[in-house]
Every structure is written in structure tokens, then in C-alpha cells.
Trainee: 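Have a look at this one before I ask anything.
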Amino acid sequence: MGPDSALPRTLLSEDVETLLAGATAELGREYRVLREIVEGGAAAVAVLDTRLRYVYVNPHMARIVGVPAEEQLGRNLAEIIPGVERPEEVPLAVLRDGRPRDVLIAGNMGTGDGRKEREWHSTYHRLKNDHGEIVGLVAIGVEVTEPRRYLNELERTHGRMAMLHAATLRIGTTLDLSTTCQELTDFVVRDLADGASVELVVENESVHPRPSPSAGVMRMRRAAVSVRPELAVRLGGLAGPEDVNDHGPGSPMRRCLERGRPFVTSMPTRVRPETRGPYADRLARYRAAGIHSTLVVPLRTDSRSVGVLAMVRSGSSPGFTAEDAVVAQELAGRASHAMERAQRYAREHTMALELQRALLSEPTLPHPDLETASRYLPADDSAVVGGDWYDSLALPHGRNLLVIGDVMGHGVEAAVAMSHYRSMLRALASSGLPLHEMLAAADRMVAGSGFDRVATCLLALGDPATDTISYANAGHLPPLRILPDGRVELVPLSAGPPLGTGMGGYETVTRPSLPGGVLLLYTDGLVERRDEDIDTSLQRLTELRLQPGGDLDEILDGILAHAATGAARDDIALLAARARGA
């Protein structure tokens with residue numbers, strides 16, 4: 001490279017008139033115009049020598065940097081603005097190959113009240129003298145602080161919206177409260193924190209029996225916890241779900257709930273040894289693990305407080321900001337509604353299940369010549385209770401009537417409807433009507449009442465005087481017979497429409513009784529599978545081999561163990577009957 005003295009310092013001086021004394025008038029005008037462009041515009045213009053020292057800066061650059069132009073000459077950028085961010089390899093590369101390059105320069109610039117973080121987009125061009133020697137660089141910069149700030153804010157906004165959208169898809173995927181809480185903590189630890197827990201207000205003290213909290217103390221249950229592996233190692237383990245804590249007025253969680261606003265705090269790095277309090281040991285443990293910032297956000301619905309979401313950051317993670325609190329509060333608001341749905345579902349599920357169990361009392365005792373056993377299994381936690389029922393009725397002349405049915409739908413309404421159907425069929429059974437007329441009468445009564453819950457139903461009437469079993473079917477699955485040799489077969493029956501449709505059209509079918517065998521009535525939860533045709537499911541039942549002479553309860557256990565594979569998606573009701581002494 002050429003010597004630094006090769007730079008045209010005279011042309012860059014302020015003694016323009018002396019310089020142009022011997023020039024033509026036209027050249028003077030052109031020079032003044034060019035100088036006005038360089039020094040009167042809003043762009044920062046600088047000339048650097050081959051060591052990247054300034055040999056000229058225009059007035060605008062001097063104002064922005066906050067250092068007079070003459071004090072910048074002979075110094076490099078780092079000496080003028082300590083801490084400025086500029087990749088030095090970029091101007092050096094331009095000196096080497098002459099290809100112009102752009103670079104972003106950021107730093108704290110200006111003086112007094114005008115001093116602030118600024119960002120500049122600068123372009124470097126290489127300079128040569130008349131002999132073709134490389135003598136330095138010219139840099140032209142335009143401030144992009146505000147546009148960059150706008151773009152950064154736009155990116156952050158898009159990031160927040162993307163996070164909230166992802167939260168909608170990932171949190172509240174089930175109606176199980178524990179799952180929803182765990183989904184929330186897992187999500188925030190992935191995107192917002194190093195550790196998180198959900199603490200729910202304890203509403204039912206009977207669920208967590210322990211001495212009642214003192215006056216003014218709020219009891220909360222840890223419903224879920226999630227932490228990054230490295231923090232878990234430093235903490236040496238965490239209190240898991242179901243841990244119950246009492247929070248006094250000074251607790252951050254208590255204050256967060258009472259104020260209804262996020263609570264951000266930084267932990268002091270050092271605490272006086274004499275400091276004591278209900279949370280001193282816990283805070284000391286957190287500090288030892290490197291936790292330095294906490295954010296507690298209320299979990300509230302429109303009507304009440306559900307609990308809090310507590311988050312921590314540790315190690316090199318930055319402290320929580322007001323912006324983090326806004327994002328977390330929006331996230332918590334969406335999660336709160338999912339939790340409320342889960343809690344409401346849990347209450348309704350429990351109430352419906354208890355109601356169904358109360359209504360589904362044990363069948364009445366049949367005549368002494370008939371032995372029966374029954375079983376009811378509610379669906380797994382992902383489904384609400386249904387309207388399955390069964391019954392056995394002792395009728396005149398030694399006859400026994402077996403009933404099984406399934407009300408369409410789920411929940412409290414289905415359980416109540418089941419009770420209506422059961423009571424109605426008991427009343428009709430005492431009337432002495434044939435089976436098909438019983439079903440027809442029940443169908444008319446339900447359809448005429450405007451009751452909108454239809455039901456399938458199967459009746460089986462055993463008559464020891466004729467040694468027969470009569471059947472009538474209202475849309476139900478056919479019964480099973482366990483033969484004396486252990487084989488299982490379906491009883492072929494035509495199925496009329498379900499009760500409550502008003503269509504009628506039922507028939508009574510009589511078959512020989514089953515000496516030494518077992519008759520099994522069941523609801524569709526025993527066989528229906530989403531990925532399997534119903535005929536295949538029924539065929540699978542007939543492949544069972546059972547001992548009809550064994551205990552009826554053991555037979556039911558065997559059927560459930562072999563046929564009801566996987567978690568039940570619907571309620572299952574079973575009713576088995578066998579003639580005594582057969």
C-alpha cells in the first residue's frame with residue numbers, strides 16, 4: 001500500500017478560497033457544490049488512511065459521534081468511541097481487494113441528553129492516488145437506529161404472536177387438569193424460563209388432609225413443575241407435584257394473586273446471615289443454584305383466581321423484563337381458561353359418575369333358581385360417563401327378566417335418562433306384556449314425552465316352565481352364550497330401532513334355554529374400537545374360551561381381561577346369568 005501522506009489532505013482542508021485562488025471559476029463552483037454535498041447532507045462521511053485512522057470527518061459525523069472533527073483526526077474508531085461494535089475485518093478486506101462492502105456499526109454515541117445507542121449502516125470504498133497507489137478508504141454512513149428499532153420490535157412482536165399461537169396448540173390438549181398444568185410449565189421452560197411451576201389454590205381441604213392453615217394464610221398445591229436439566233442438577237432435586245405450601249401475606253405468590261398483576265423480582269446476590277423468615281432456606285437454596293430472577297404471573301379466569309405460574313432464570317440467562325411479564329401474562333390468561341375447563345370437567349365428571357353409581361344400584365334379586373353377576377366399568381379419564389345400565393327382575397311363575405341398555409350421549413343428562421329408562425322398564429315388566437310390546441310401549445312413551453335421549457335395550461326372559469329364553473332387541477348388540485364346553489357364540493337376533501325414536505317394529509324371539517351354560521349381556525364399550533369394525537370385534541369375543549361352571553365374577557374378569565384390550569373409550573356394563581344346579 002502507498003504511504004498515508006499520499007492522501008489529498010489539502011483538498012480536505014477548510015481553506016477552500018486559498019485552494020481555489022488559481023483555479024478556474026467553473027472548477028471553483030463544482031468544488032463548492034461537491035463540498036456542500038459532503039458537508040451539508042444527513043450522511044456521515046469520513047476518510048481513513050490505510051491504518052484506519054481518520055484524516056477527515058464531515059460535520060454531521062462530528063455531531064453524531066459527539067467529538068469535534070479535529071479531535072478525531074489521526075485516531076481510529078475504537079479510540080474515539082470506546083465500546084463501539086464494528087467488525088475491523090470488513091474495512092481491511094476493502095483495502096485488500098477494492099470491493100466495496102457494507103457494515104453495521106453500533107455504539108453509544110452523542111453528548112449530554114443526546115447520547116444514546118445508535119446504529120449506522122456504512123459503506124466502505126477504497127481510495128487510490130494518481131499513481132494508482134492505495135491510500136485509504138472513504139466511509140459513508142446513514143443512521144438506521146429508528147428503522148432498526150422498528151424492525152426489531154416487529155420481529156419481537158411476531159415472535160410473541162408465534163409463541164402465543166404455539167401455546168394455544170400445546171396447552172390444554174386434554175380435559176385433564178394435571179396434564180394441562182404440565183403442558184404449561186413445559187412450554188414456558190422451552191421458550192421463556194429456566195424453571196417453572198404451577199401452584200393452584202387449594203379449594204377442597206379434604207383432598208389434602210393436614211392441619212388447617214392459620215388465619216390469613218393461603219394454601220396452594222404444586223400441580224406441575226419443569227426445569228432445564230442443568231438447573232435441576234444445581235438444585236439437587238425439586239419438590240414435585242402435589243407438594244402443598246402455605247403462603248402468608250409476604251409471599252410473592254400471595255401478593256401476585258391479590259394484586260392480579262405479574263410480580264418481577266431479582267434475588268440479591270448476598271443476604272445478611274441474620275436474615276430469617278419462612279422462605280429463607282428456600283431462597284438460600286435458589287441463590288446457591290444461580291437463580292437470579294423470578295417472574296410470578298396470576299392464573300385468573302373471569303370469575304376467580306386459579307393459582308399462579310412461577311418462573312425463574314439462572315446463570316447466564318438475562319433477568320426477566322417488563323416485556324417478558326406482558327408475554328407471560330397473556331400466556332397465563334389463555335392457560336387459565338384451559339385449566340378452568342379442566343377443573344369444571346373434573347367436577348362434572350365426578351358428579352356424573354357418582355350420580356350414575358347411585359342410580360345404578362345392584363339389580364334386584366332374581367328367583368332362587370337363577371344366579372347372576374354384574375359389572376360396571378366407567379370409561380378412562382379422557383371420556384365422560386355414559387348411560388349404561390342393567391337390571392334383573394323376578395316375575396311371576398318363576399320367570400326372570402334380564403335387562404341391559406345404553407343411553408346415547410354422556411354426562412349427567414345421560415345418567416339421569418338412564419334412571420328414567422330403568423324405572424319405566426321395571427314398571428312395564430310388572431304389567432305382564434310380551435317383550436316386544438314392552439319395548440313398543442317404552443318407545444311410544446319416550447317419543448311422546450319429547451325426551452331427546454334415545455337408548456338401545458335388550459331384554460332376555462327366562463321361563464323354567466318351558467325351558468326357554470325369549471329375547472327382544474331395540475338396537476342393542478346380540479347377547480353371548482358360553483356353552484358347556486367353554487366355547488362362546490353369539491345369539492343371532494334381529495335388532496329393532498332404539499327406544500325413543502317412535503318407529504316401533506320390535507319382535508320377540510324364543511330360543512331353547514342353556515343348561516350348563518352362561519348367558520352374557522353387555523354394552524358396546526366392551527367391543528367397540530375406533531380402528532376396528534364391529535363385526536371383527538364381535539368375532540374376537542367368540543374366540544374366547546371360558547369355563548362356564550366357574551364363579552360368574554371370575555368369568556366376567558376373564559372376558560374383560562381378554563376382550564377389553566387397551567383403555568376403554570366408553571362405559572362397559574356386563575350382566576351374566578346362569579341357572580342354578582345346571
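Heavy atoms only: backbone and side chains are in, while hydrogens, waters and symmetry mates are out.
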Trainee: Residues in side-chain hydrogen bond (donor to acceptor under 3.5 Å, both in side chains) with Thr536, at least two apart?
Mentor: none

Trainee: Counting neighbours of CZ on Arg261 that are heavy atoms of other residues, nucleotides or ligands and sit closer than 6.0 Å, is the number greater than 12?
Mentor: no

Trainee: Side chain to side chain donor-acceptor pair (under 3.5 Å) for Thr173 and Glu183? Distances and angles first, verdict last.
Mentor: CA-CA 9 Å; Thr173 61; Glu183 288 172 342; 2.4 Å; yes

Trainee: By salt bridge (charged side-chain N to carboxylate O under 4.0 Å, His left out), which residues pair with Arg101, not counting sequence neighbours?
Mentor: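 Counting only residues at least two positions away or on another chain, Arg101 forms a salt bridge (charged side-chain N to carboxylate O under 4.0 Å, His left out) with Asp97.
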
Trainee: Crowded around Asp102 CG? As in, over 12 foreign heavy atoms under 6.0 Å?
Mentor: yes

Trainee: Decide, yes or no, whether a salt bridge links Asp191 with Arg170 under the criterion of side-chain N to carboxylate O below 4.0 Å.
Mentor: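 Salt bridge flag = no for Arg170 with Asp191.
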
Trainee: Let me see the working for Leu235 and Tyr286 under side-chain contact (heavy atoms from CB on, under 4.5 Å), right down to the final yes or no.
Mentor: CA-CA 7 Å; Leu235 283 170; Tyr286 287 174; 3.9 Å; yes

Trainee: Using only heavy-atom distances, determine whether the side chains of Glu199 and Ser197 contain a donor-acceptor pair under 3.5 Å.
Mentor: yes

Trainee: At their closest point, which heavy atom of Val189 faces which heavy atom of Ser226, and how far apart are they?
Mentor: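 For Val189 versus Ser226, the nearest heavy atoms are CG2-O, 3.3 Å.
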
Trainee: Ion pair present between Glu230 and Arg234, side-chain N to carboxylate O less than 4.0 angstrom?
Mentor: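 No, Glu230 and Arg234 are not salt-bridged.
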
Trainee: Determine whether Asp194 and Arg228 satisfy the following criterion, salt bridge (Lys or Arg N to Asp or Glu O under 4.0 Å), listing intermediate values before the conclusion.
Mentor: CA-CA 6 Å; Asp194 294 325; Arg228 294 187 187 276; 3.0 Å; yes

Trainee: Between Asn58 (side chain only) and Ala43 (backbone N and O only), is there a donor and an acceptor less than 3.5 Å apart?
Mentor: yes

Trainee: Taking only Lys NZ, Arg NE, NH1 and NH2, and the carboxylate oxygens of Asp or Glu, determine whether Asp246 and Arg219 approach each other closer than 4.0 Å.
Mentor: yes

Trainee: Apply side-chain contact (heavy atoms from CB on, under 4.5 Å) to the pair Leu299 and Val201, showing each step before the final yes or no.
Mentor: CA-CA 10 Å; Leu299 296 169; Val201 177; over 6 Å; no

